Novice: 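What follows is a structure written as C-alpha cells; I'll ask about it next.
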Amino acid sequence: RIEAALDAEARLETYAANLRAAELEWEPRSPGVVRKRLWDDRTWLARIEPGHAFPPHDHDVVEHCLVLAGTMVVDGVRFGPGDYHAPRPGTRHEAFTTPDGLLL
C-alpha cells in the first residue's frame, strides 16, 4: 500500500501543480496581512487579521477572491465562507474590511 501511494503521488506530480499548505511559508504582505504564493505572482492564499481595512483601490485585472473562512465586507456587502467575489478590470473598491478575520 505504501508503494502504491508513492506511485500515485509520483503520477500526480507529472500533470499537476501540487502544494501542501503546511509546506508553504506565510510571507508578510502589509501590517495585518500575510500570504502564501500558490501558482504565480497573482495566485495567493491570504490571511487577514480581524478589523483590518484595505484602502479604496482600483483594479487593472480581474481579482478572484474565494472566502475560505471568516468574513469580508466590500462596499457594504458581506461575503462569508464559500462566497466568491471578482471585481472586473477598471473598477474601484471602496472600503474592504474584515470584522472577524479572513482566509481568502
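The shown structure was predicted, so the numbers you read here are calculated from the model rather than taken from an experiment.
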Novice: How far apart are the closest heavy atoms of Pro89 and Val62, and which atoms are they?
Specialist: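 For Pro89 and Val62, the tightest heavy-atom pair comes out as CD-CG2, 3.5 Å.
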Novice: What's the verdict on side-chain contact (heavy atoms from CB on, under 4.5 Å) for Val67 and Leu104, showing C-alpha distance, side-chain angles and the deciding distance?
Specialist: CA-CA 5 Å; Val67 177; Leu104 191 62; 4.0 Å; yes
Novice: Could Arg47 and Trp26 be counted as a cation-pi pair, given that NZ or CZ must be under 6.0 Å from the ring centre and within 45° of the axis?
Specialist: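 Verdict for Trp26: a cation-pi partner in Arg47.
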Novice: Do Trp44 and Val61 belong to the same hydrophobic cluster, where Ile, Leu, Val, Met, Phe, Trp and Tyr are linked whenever their side-chain heavy atoms lie under 4.5 Å apart, directly or via other members?
Specialist: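 No, Trp44 and Val61 fall in different hydrophobic clusters.
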Novice: Indicate the atoms forming the closest heavy-atom contact of Arg37 with Asp41, along with that distance.
Specialist: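 Nearest pair, atom of Arg37 first, then Asp41: NH2-N, 3.3 Å.
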Novice: Kindly assign one of parallel, tilted or perpendicular to the pair Phe79 and His85, based on the angle between their ring planes and the thresholds 30° and 60°.
Specialist: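 Judged by the thresholds at 30° and 60°, the geometry between Phe79 and His85 is tilted.
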Novice: I'd like to know whether CZ of Arg92 has more than 12 heavy-atom contacts from other residues, nucleotides or ligands below 6.0 angstrom.
Specialist: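 More than 12 within 6.0 Å, yes.
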Novice: What are the two closest heavy atoms between His64 and Ala86, and how far apart are they?
Specialist: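 His64 and Ala86 have their closest heavy atoms at ND1-CB, 4.2 Å.
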Novice: How far does CD1 of Ile48 sit from CZ of Phe54, to the nearest 0.5 angstrom?
Specialist: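 It is 4.0 Å, given to the nearest 0.5 Å.
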Novice: Do Phe96 and Leu103 sit in one hydrophobic cluster, given that two such residues count as connected whenever their side-chain heavy atoms are within less than 4.5 Å of each other, even indirectly?
Specialist: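 No, Phe96 and Leu103 fall in different hydrophobic clusters.
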Novice: To the nearest 0.5 Å, what is the distance between CG on Leu38 and CG on Leu24?
Specialist: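 That separation rounds to 7.0 Å.
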Novice: How far apart are the closest heavy atoms of Arg78 and Val73, and which atoms are they?
Specialist: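 Answer, listing the atom of Arg78 first, then Val73: NH1-CG2, 3.5 Å.
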Novice: Just by modelled atom types, is the Pro50 backbone N or O under 3.5 Å from a matching donor or acceptor in the His52 side chain?
Specialist: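 Here the side-chain-to-backbone pair does not exist.
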Novice: Between Ala69 and Pro81, what is the shortest heavy-atom contact and its length?
Specialist: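 Scanning both residues completely, I find the closest heavy atoms to be CA-CG, 4.1 Å.
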Novice: What's the verdict on side-chain contact (heavy atoms from CB on, under 4.5 Å) for Asp83 and Leu66, showing C-alpha distance, side-chain angles and the deciding distance?
Specialist: CA-CA 6 Å; Asp83 291 341; Leu66 176 64; over 6 Å; no
Novice: Could you measure the distance from the CZ atom of Arg35 to the CZ atom of Arg29? Nearest 0.5 Å is fine.
Specialist: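 The CZ atom of Arg35 sits 4.0 Å away from the CZ atom of Arg29.
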Novice: If you look at every heavy atom in Arg88 and His59, which pair is closest and at what distance?
Specialist: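 Residues Arg88 and His59, closest heavy atoms: O-CB, 3.8 Å.
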Novice: Has the side chain of Asp100 got a donor or acceptor atom that lies under 3.5 Å from a matching backbone atom of Thr71?
Specialist: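 Yes, Asp100 side chain to Thr71 backbone: donor-acceptor pair under 3.5 Å.
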Novice: Identify, with sequence neighbours excluded, every residue that meets salt bridge (Lys or Arg N to Asp or Glu O under 4.0 Å) alongside Arg1.
Specialist: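 Partners of Arg1 under the salt bridge (Lys or Arg N to Asp or Glu O under 4.0 Å) test: none.
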Novice: Looking at CD of Glu63 and OG1 of Thr91, how far apart are the two atoms once the value is rounded to the nearest 0.5 Å?
Specialist: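 Reported value, rounded in 0.5 Å steps: 9.0 Å.
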Novice: Are Leu45 and Val33 joined in one hydrophobic group, where the rule is that I, L, V, M, F, W and Y side chains link up if heavy atoms are under 4.5 Å apart?
Specialist: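 No, Leu45 does not connect to Val33 through the hydrophobic network.
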